[in-house]
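Report on the following structure.
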Protein chains: 2
Amino acid sequence: MAEALEGRRSTRRTATLASLAAELGVSRTTVSNAYNRPDQLSPALRRRVLDTARRLGYPGPDPVARSLRTRKAGAVGLLLTEALSYAFRDPVAIQFLEGLALACEDNGSGLLLVPVSPEAEDVGAVARAGVDGFVVYSMPDDDEHFAAVLERPVPVVVCDQPTDVPDVDRVGIDDQAAMVELAQHLAGLGHRRVGVLCMRLSLDRNDGFASVSRQDSARYEVQRRRLAGLRDGFTAAGVDWSTVPVVERFDHTEAAGAHAFDQLAERHPDVTAVVCTSDILALGALRGARAAGRDVPGDLTITGFDGVPAAERAGLTTVRQPSLDKGRAAGELLLDRGDRQRSRTLLLPTELMVRQTSGPPKS
Amino acid sequence: MAEALEGRRSTRRTATLASLAAELGVSRTTVSNAYNRPDQLSPALRRRVLDTARRLGYPGPDPVARSLRTRKAGAVGLLLTEALSYAFRDPVAIQFLEGLALACEDNGSGLLLVPVSPEAEDVGAVARAGVDGFVVYSMPDDDEHFAAVLERPVPVVVCDQPTDVPDVDRVGIDDQAAMVELAQHLAGLGHRRVGVLCMRLSLDRNDGFASVSRQDSARYEVQRRRLAGLRDGFTAAGVDWSTVPVVERFDHTEAAGAHAFDQLAERHPDVTAVVCTSDILALGALRGARAAGRDVPGDLTITGFDGVPAAERAGLTTVRQPSLDKGRAAGELLLDRGDRQRSRTLLLPTELMVRQTSGPPKS
DNA sequence: GTGAAAGCGCTAACAG
DNA sequence: CTGTTAGCGCTTTCAC
């Protein structure tokens with residue numbers, strides 16, 4: 001980045017507040033006031049200062065120097081699970097971003113997307129971010145970037161995962177309870193032979209079946225809890241969870257969902273319901289199932305999680321979560337003045353959306 | 001923002017590089033080197049420095065102070081047409097963002113979304129952004145925020161509009177030529193009675209027909225050029241452009257597109273083709289047309305512009321533009337070292353995608 | 001209404 | 001390999 005930006009425009013690095021003051025024969029204070037406290041000087045003098053500034057090409061107080069002095073950067077840092085660019089492919093993340101952006105806007109704060117290189121050791125980006133606080137979106141347990149955030153002496157708000165971090169506010173949903181509810185819905189319809197499609201459970205790629213022990217030790221708390229909710233709900237309905245096939249996918253795409261469905265269906269052709277831990281996966285599964293000639297919900301039930309717009313269009317039965325509200329709440333939690341006593345946790349409501357991809361089992 | 005972030009965590013503002021050095025009995029340089037130039041001191045000493053830092057709760061060099069000293073912020077600022085949050089609703093903007101994020105990632109730069117309040121005078125946010133350069137996405141002519149960006153002594157890259165800004169690089173497409181091609185396609189099919197749906201042409205809301213003079217004086221250059229392209233293309237086919245109805249919409253949503261279609265169809269029921277200057281509008285028009293019982297493309301042709309995923313799914317005939325590439329190119333143009341001589345303009349290719357919403361006129 | 005003094009916390013020559 | 005010297009550009013009491 002060093003010389004990268006040494007361009008045409010940047011060469012006109014010219015006047016400073018001090019040189020302007022000298023030129024005008026006034027003190028630096030006065031010039032500073034002209035910009036920051038217009039009421040502290042006569043309008044005439046202020047006008048003179050600003051005019052001279054323009055003539056000298058003085059661009060106004062340097063933002064970085066001001067930040068150093070005032071001890072505030074005017075920006076919120078955002079740390080994301082994946083590469084920065086991935087966020088713009090995931091509809092849930094996009095909605096979260098929109099909500100967060102809204103909160104920042106209201107506050108006049110900038111939103112700094114912290115570059116987290118692919119698998120980078122480069123924790124440096126976190127240390128180098130000039131921000132007044134961090135919002136951390138859905139990180140795996142024991143993430144080093146997150147650890148780096150915690151090192152910084154600024155407030156932090158986590159969305160979703162990980163939970164139970166001392167001195168850190170959090171906003172999320174009750175993933176486990178939401179899944180219990182979904183399981184009850186399906187069990188109520190009569191489903192007993194179910195299969196599950198879930199997102200990655202650890203940092204190492206495992207595109208295939210996930211054992212119960214792998215499920216329980218998942219490094220992604222959200223997935224762990226969603227699976228736990230399904231286990232609780234189905235177990236209560238008399239299903240032996242250890243017999244329930246869970247297929248994991250590292251990539252979070254519809255294609256992955258479709259392929260995971262094939263894998264599940266091949267080995268367990270008898271399942272009557274496929275529960276997916278995300279809408280994207282479910283949408284893919286739906287496509288895969290229909291491509292395989294299955295009738296949904298006629299002879300197969302498929303459900304998702306998240307409540308993205310595409311799921312609604314597809315009539316997918318799913319659990320809706322307020323992604324945008326999570327973003328806004330995270331921003332507000334970070335930026336809101338006031339009662340910042342002990343760490344707060346905000347759990348937002350979810351809603352089971354029964355639509356057209358779930359029904360009673362065929363037989 | 002001031003006290004907003006004075007929280008639990010932030011109170012542990014403690015050691016500085018200087019106090020650490022004092023504690024260790026070494027110079028500040030040494031401590032600085034421990035962080036920035038590990039090769040400049042013995043591993044043993046470095047370890048001692050780092051250990052003591054941890055013990056004292058020293059979080060490492062303050063990013064803002066470092067930025068002041070090194071004269072680089074490590075971040076790129078992004079200025080967007082609308083409120084920050086709008087960007088996350090527009091699929092074209094999202095793709096642009098993704099591309100830009102990719103370029104930033106590669107460079108290890110942060111991406112700072114500059115908060116531009118709704119209709120804010122608050123140009124201050126631009127002045128206050130600690131960034132090494134700005135990417136400006138599709139701004140109207142004579143925008144004051146953009147003007148504020150130009151005041152800053154840093155490099156600037158504009159995407160799309162406005163064009164012809166001195167000393168500023170630009171990336172975009174040839175909107176006019178792309179529309180000429182589309183017009184030729186439609187004229188070739190035999191369409192002579194056409195109608196147009198376009199995005200806002202100025203900052204004041206005008207949800208209705210736009211006169212030729214309003215078209216020509218549009219403050220949004222992209223819309224101006226797309227309309228000009230249509231005019232050129234259809235005029236060449238013998239159409240009197242002054243008779244072509246152009247319906248404008250301030251909001252860029254499918255609902256607006258559908259409603260605009262109704263408005264057009266009511267007053268000009270005889271048009272055989274509706275050309276929209278964006279896919280969103282076209283998707284809305286398509287919905288409106290079908291809701292009105294029209295057969296597309298049977299008795300009505302509808303086209304879009306942009307090439308968003310939803311347009312592909314809908315089989316919409318449109319002009320595809322490489323939104324992601326534009327974002328990446330903008331980032332690279334800003335960050336790439338090297339030949340930064342005079343201002344560069346990068347025009348990316350577009351492609352006419354003839355799909356299932358265009359066909360010969362009915363009669 | 002205006003100025004003087006005192007750094008914010010850090011890095012970068014350049015000596016040693 | 002380590003320390004000295006000089007600020008980066010600005011804001012902010014606190015007197016005048």
Side-chain angles (χ1 to χ4, degrees), chain A residues 1-3 10 13-49 53 56-74 124 127-130 132 152-154, chain B residues 1-2 10 13-49 53 56-74 124 127-132 152-154:
Chain A
M1 191 87 170
E3 320 76 302
S10 59
R13 170 165 313 130
T14 49
T16 73
L17 184 147
S19 70
L20 216 198
E23 169 82 18
L24 282 158
V26 302
S27 80
R28 302 203 286 296
T29 306
T30 301
V31 177
S32 177
N33 283 338
Y35 284 95
N36 304 315
R37 312 183 164 182
D39 52 317
Q40 297 294 295
L41 47 258
S42 68
L45 178 52
R46 180 169 134 89
R47 155 132 263 97
R48 204 177 124 232
V49 171
L56 263 50
Y58 175 64
D62 180 287
V64 175
R66 167 191 268 142
S67 288
L68 174 59
R69 189 57 240 245
T70 61
R71 309 279 356 151
K72 63 190 62 126
R128 232 164 283 140
D132 301 314
R152 296 278 305 262
V154 296
Chain B
M1 190 87 170
S10 59
R13 170 164 314 130
T14 50
T16 73
L17 184 145
S19 70
L20 216 199
E23 169 83 17
L24 281 158
V26 303
S27 80
R28 301 202 288 293
T29 306
T30 301
V31 177
S32 177
N33 282 339
Y35 284 95
N36 304 315
R37 310 183 166 182
D39 52 317
Q40 297 294 293
L41 30 31
S42 68
L45 177 53
R46 182 169 132 88
R47 155 133 262 98
R48 205 176 122 233
V49 172
L56 264 50
Y58 175 64
D62 179 287
V64 175
R66 168 192 268 142
S67 287
L68 175 59
R69 189 58 242 238
T70 61
R71 310 273 8 154
K72 63 190 62 129
R128 233 164 282 140
V131 297
D132 301 315
R152 297 277 307 263
V154 295

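Per chain, numbering begins at 1; letters A, B, ... match sequence-line order. Keep in mind it's a predicted model, so treat the numbers as computed, not measured. These values consider heavy atoms only, across backbone and side chains, with no hydrogens, waters or symmetry-generated copies.
Atom CZ of Arg37(A) and atom OG of Ser32(A) lie 7.5 Å apart (nearest 0.5 Å). Rounding to the nearest 0.5 Å places CZ of Arg48(B) at 11.0 Å from CG of Leu41(B). For the atom pair Leu68(A) CG and Arg66(B) CZ, the distance stands at 13.0 Å (nearest 0.5 Å). Interatomic distance, Gln40(B) CD to Thr30(B) OG1, rounded to the nearest 0.5 Å: 10.0 Å.
Comparing dT2(C), dT11(D), dG9(C) by their closest approach to the side chain of Ser42(A) singles out dT2(C). Counting only heavy atoms from C-beta on, Asn36(A) has its side chain closest to dT11(D) among dT11(D), dG9(D), dT11(C).
What separates CG of Leu20(A) from P of dT2(C) is a distance of 15 Å, to the nearest Å. For Gln40(A) and dT13(D), the CD to P distance is 11 Å, given to the nearest whole Å. Going from atom CZ of Arg46(B) over to atom P of dC1(D) covers 13 Å, rounded to whole Å. For Asp39(A) and dT12(D), the CG to P distance is 13 Å, given to the nearest whole Å. Atom-to-atom, CZ of Arg48(A) to P of dT2(C) comes out at 10 Å; the value is rounded to the nearest Å. The nearest whole Å value for the distance from the CG atom in Leu17(A) to the P atom in dT12(D) is 12 Å. Arg128(B) has its CZ atom 17 Å from the C1' atom of dG9(D), to the nearest Å. Taking atom NZ of residue Lys72(B) and atom P of nucleotide dT11(C), one finds them 12 Å apart after rounding to whole Å.
For Pro43(B) and Gly60(A), each mapped to the nucleotide of DNA chain D holding its nearest heavy atom, the one lying further toward the 5' end belongs to Pro43(B).
The two residues Ala73(B) and Gly130(B) have their closest heavy-atom pair at CB-O, 3.2 Å. What you find for Lys72(A) and Ser67(A) is that their closest heavy atoms are O-OG, 3.1 Å.
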Would you tabulate the pairs of protein nitrogen or oxygen atoms and nucleotide nitrogen or oxygen atoms of nucleotides 3-5 of chain C closer than 3.5 angstrom?
from   : atom 1 : to       : atom 2 : distance (Å)
dG3(C) : OP2    : Ser27(A) : N      : 3.0
dG3(C) : OP2    : Thr30(A) : OG1    : 2.8
dA4(C) : N6     : Thr29(A) : OG1    : 2.7

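Listed for the Arg46(A) side chain is a donor-acceptor partner under 3.5 Å among the backbone atoms of Ala34(A).
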*Test log, rule side-chain contact (heavy atoms from CB on, under 4.5 Å), inputs Asp132(B) and Val154(B)*: CA-CA 6 Å; Asp132(B) 301 315; Val154(B) 295; 5.8 Å; no

_Run Asp62(A) and Arg71(B) through side-chain contact (heavy atoms from CB on, under 4.5 Å) and show every step you take._
CA-CA 10 Å; Asp62(A) 180 287; Arg71(B) 310 273 8 154; 2.7 Å; yes

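Contacts between residues 61-70 of chain B and DNA chain D, defined by a heavy-atom separation below 4.0 Å, involve Leu68(B), Arg69(B), listed by number.
OP1 or OP2 of dC10(D) sits under 4.0 Å from a side-chain N or O of Tyr58(A).
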